[in-house]
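All remarks here apply to the structure that follows.
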Amino acid sequence: MSIDIYWRIGTHGDQPSLRRRLVTRGDWSPVVPGSITPGLREGRPDGYSHLDHMADVARSTELSGFVGGLLPSFPFTDDPWAAAASLARETTGYRFMIAFQPGFLHPVQAARMSASLQRATGGRVVYNIISGGGGPAQLWWGDKVGHDDRYARTSEFLDVLKAVWYGGPVTHHGRFYQVDGAGLPERLAGQPFPEVYFSGSSRAAIEAAGRHADYYLSWLEPFPALAAKFDQVREHSAAIGRSPRFAVRIDVLARETEDEAWAEIRRGWRHVDPERLRGPESTGDSVGWLRSSRFIDWPVRTPRELEASPNVWGGFHLLRGGPAFGLVGSYAQVAARLDELIALGVDAFILAGVPHLEEARRIGENVLPLLRGRWPDTAPDTPVPSPETLESPEALESPGTLEAKGSTR
């Protein structure tokens, strides 16, 4: 089985580089000299929209060897369902991984929307199921449901959606949803069900993922912590006769040499707010975010102090919005780390870089061809890293309900 590699498509604008936090790509920030998508022509916006830019990223990544793109969903982004429908005509076989929180859609409506989009695109819809990180961002949606209950709601949502998808009429009287006689119309019934990428690091998330995930999706962490988390998911899945695959969401900064890559980090580091170097803060209840903060000894002074293991850097959140950990190094080093993850059991990646368009081309041209494990049937065997080559799990005490010694979002 080949390894699926997706690229993240920004749905809310983009920075010109990790050196500058100012968004100059996309119309989510004021249009100023130097902006693109739109830019200025004779002092007025030139009409090149952010959707045009997203289409450029989608076409470029399809040509660069990525199987599809992740369309994120936050209060400050375009809607990923609408974006996927708009971008599908710009590509051929490219898949669209739509991030959404089940609590804000009814499962019957979600089934109809998804089946319609599957029909229109020839089956290119993929789900990125998220259950929210709590705090003000969750309240923006009007959602006051607690952490574990959000995962219970997600699980019931998927139960109802699948029942409607695979046969009707469906009657369901549950804790969160009431349905009587629901089903898909004939023209929509029979579409391929979207693959499910399921995020979350808490025990409640892992239990729900064991039931529903085709791919359990995690942020990048030091490799022993990931391996332990995967083991927990396997345990819950095996108990009900399922065997999910695994995916990792990773920001990548790769250059011809390691020195060039770290030089880029140092340029961005000059603009980091010193207060943020005391340690990451979270206003929500995301266990994944809490876990990521525990792999670094805060406070820090230099960027290399955030290198938790070779090429695994925990400071990306200081240079752009998003998760902390990503890969920094030469093209060969980044490819080697990805191959190590494949050997640990990773079956898919969602890669990202800033800016999205240029970095997608760079990674597609210079890193993806170096992967030895992407095509297992033809590539040389990739040795599984021994425990001696990984960091000691003894340092992986984690918060919340996940025991790191025994063992995204």
Side-chain angles (χ1 to χ4, degrees), residues 1-12 14 25-26 36-37 48-73 77-100 110-129 165 184 187-197 214-215 217 245 247 249-250 252 338 347-353 355-371 373-379:
M1 181 188 303
S2 63
I3 305 298
D4 286 342
I5 304 180
Y6 290 81
W7 187 257
R8 185 182 188 274
I9 300 177
T11 48
H12 58 283
D14 200 3
R25 300 174 181 214
I36 62 173
T37 67
Y48 186 79
S49 72
H50 184 48
L51 181 63
D52 295 323
H53 182 60
M54 286 193 288
D56 282 345
V57 177
R59 287 190 295 263
S60 179
T61 50
E62 183 171 37
L63 292 172
S64 297
F66 295 90
V67 301
L70 166 66
L71 296 172
S73 178
T77 68
D78 277 316
D79 178 77
W81 294 93
S86 301
L87 296 173
R89 296 177 69 89
E90 304 289 337
T91 58
T92 53
Y94 197 75
R95 307 173 202 165
F96 293 95
M97 184 183 293
I98 299 173
F100 71 100
R112 187 174 71 154
M113 287 171 54
S114 304
S116 296
L117 200 49
Q118 288 290 64
R119 183 183 180 209
T121 64
R124 292 191 276 147
V125 176
V126 179
Y127 285 160
N128 175 18
I129 301 293
W165 192 285
L184 291 177
R187 292 288 184 183
L188 298 182
Q191 296 296 324
F193 192 80
E195 288 185 323
V196 175
Y197 283 67
D214 295 307
Y215 289 85
L217 173 62
R245 290 162 283 180
R249 156 80 169 84
I250 307 175
V252 174
L338 294 175
D347 304 284
F349 294 103
I350 303 171
L351 304 183
H356 289 80
L357 180 61
E358 289 89 334
E359 290 301 311
R361 291 171 175 166
R362 186 192 303 274
I363 300 305
E365 292 174 3
N366 297 292
V367 174
L368 299 193
L370 299 180
L371 293 181
R374 186 177 185 187
W375 311 103
D377 294 337
T378 58

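If you read the sequence from its start, that first residue is 1, and numbering goes on from there.
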- Message: Would E358 and R361 count as a salt bridge (charged side-chain N to carboxylate O under 4.0 Å, His left out) here? Give the steps.
- Response: CA-CA 5 Å; E358 289 89 334; R361 291 171 175 166; over 6 Å; no
- Message: What's the separation between atom CD1 in I363 and atom CG in L351, rounded to the nearest 0.5 Å?
- Response: 7.5 Å
- Message: Using modelled atom types and a 3.5 Å cut-off, is there a donor and acceptor pairing between side-chain atoms of H356 and backbone atoms of W7?
- Response: no
- Taking all non-hydrogen atoms of both residues into account, name the closest pair between L357 and S60 and its distance. CD1-CB, 3.8 Å
- Message: For a 4.5 angstrom cut-off between non-hydrogen side-chain atoms, does D78 reach L51?
- Response: no
- Query: Are any non-hydrogen side-chain atoms of V125 and F96 less than 4.5 angstrom apart?
  - Reply: no
- Which heavy atom in A55 sits nearest to a heavy atom in E90, and how many Å separate them? CB-CG, 3.8 Å
- Task: Would you check if L184 and Q191 make a side-chain contact, meaning some heavy-atom pair closer than 4.5 Å?
- Result: no
- Can Y127 and F100 be said to form a ring-ring contact (aromatic ring centres under 6.0 Å, His included), step by step? CA-CA 8 Å; Y127 285 160; F100 71 100; 5.2 Å; yes
- If you take all heavy atoms of Y197 and A247, which pair is closest and at what distance? CE2-CB, 3.6 Å
- Could you give the distance from CZ (R25) to OH (Y48), rounded to the nearest 0.5 Å? 10.0 Å
- Query: Which heavy atom of P80 sits nearest a heavy atom of S73, and at what distance?
  - Reply: CG-CB, 3.7 Å
- Is a donor on one side and an acceptor on the other found under 3.5 Å between the side chain of R374 and the backbone of I3? yes
- Can you tell me how far the CG atom of L63 sits from the CD atom of E365, to the nearest 0.5 Å? 10.5 Å
- Message: Would the distance check show the side chain of R124 and the main-chain N or O of A88 forming a donor-acceptor pair, the cut-off being under 3.5 Å?
- Response: yes
- Query: Where is the tightest heavy-atom contact between P369 and G364, given as atom of each residue plus distance?
  - Reply: CD-O, 3.3 Å
- Message: If you define the side chain from C-beta out and look only at heavy atoms, does anything of E62 sit under 4.5 Å from R59?
- Response: no
- Query: For R112, does the CZ atom have more than 12 heavy-atom neighbours from other residues, nucleotides or ligands under 6.0 Å away?
  - Reply: no
- Query: Going from CD1 on I98 to OG1 on T11, what distance comes out if it is rounded to the nearest 0.5 angstrom?
  - Reply: 11.5 Å
- Under the 3.5 angstrom rule, does the side chain of R249 hit a backbone N or O of A352 as a donor-acceptor pair? no
- Query: Any side-chain heavy atom of V367 sitting closer than 4.5 Å to one from L338?
  - Reply: yes
- Can you find a heavy atom in the side chain of S116 that is under 4.5 Å from one in the side chain of L188? yes
- Item | Closest non-hydrogen atom pair between W165 and A111, with its separation | CZ3-O, 3.5 Å
- Intermediate values then yes/no, side-chain contact (heavy atoms from CB on, under 4.5 Å), L371 and I5: CA-CA 11 Å; L371 293 181; I5 304 180; 3.6 Å; yes
- Heavy atoms, side chains only, cut-off 4.5 Å: are L87 and Y94 in contact? no
- So, do S49 and D52 sit near enough that their side-chain heavy atoms are less than 4.5 Å apart? yes
- Message: Rounded to the nearest 0.5 Å, what separates atom CG in N128 from atom CD1 in I350?
- Response: 5.5 Å
- Message: Rounded at 0.5 Å granularity, tell me how far CE in M54 sits from NE2 in H12.
- Response: 11.0 Å
- Please confirm whether the backbone N or O of P192 pairs with a side-chain atom of Q118, one donor and one acceptor, at under 3.5 Å? yes
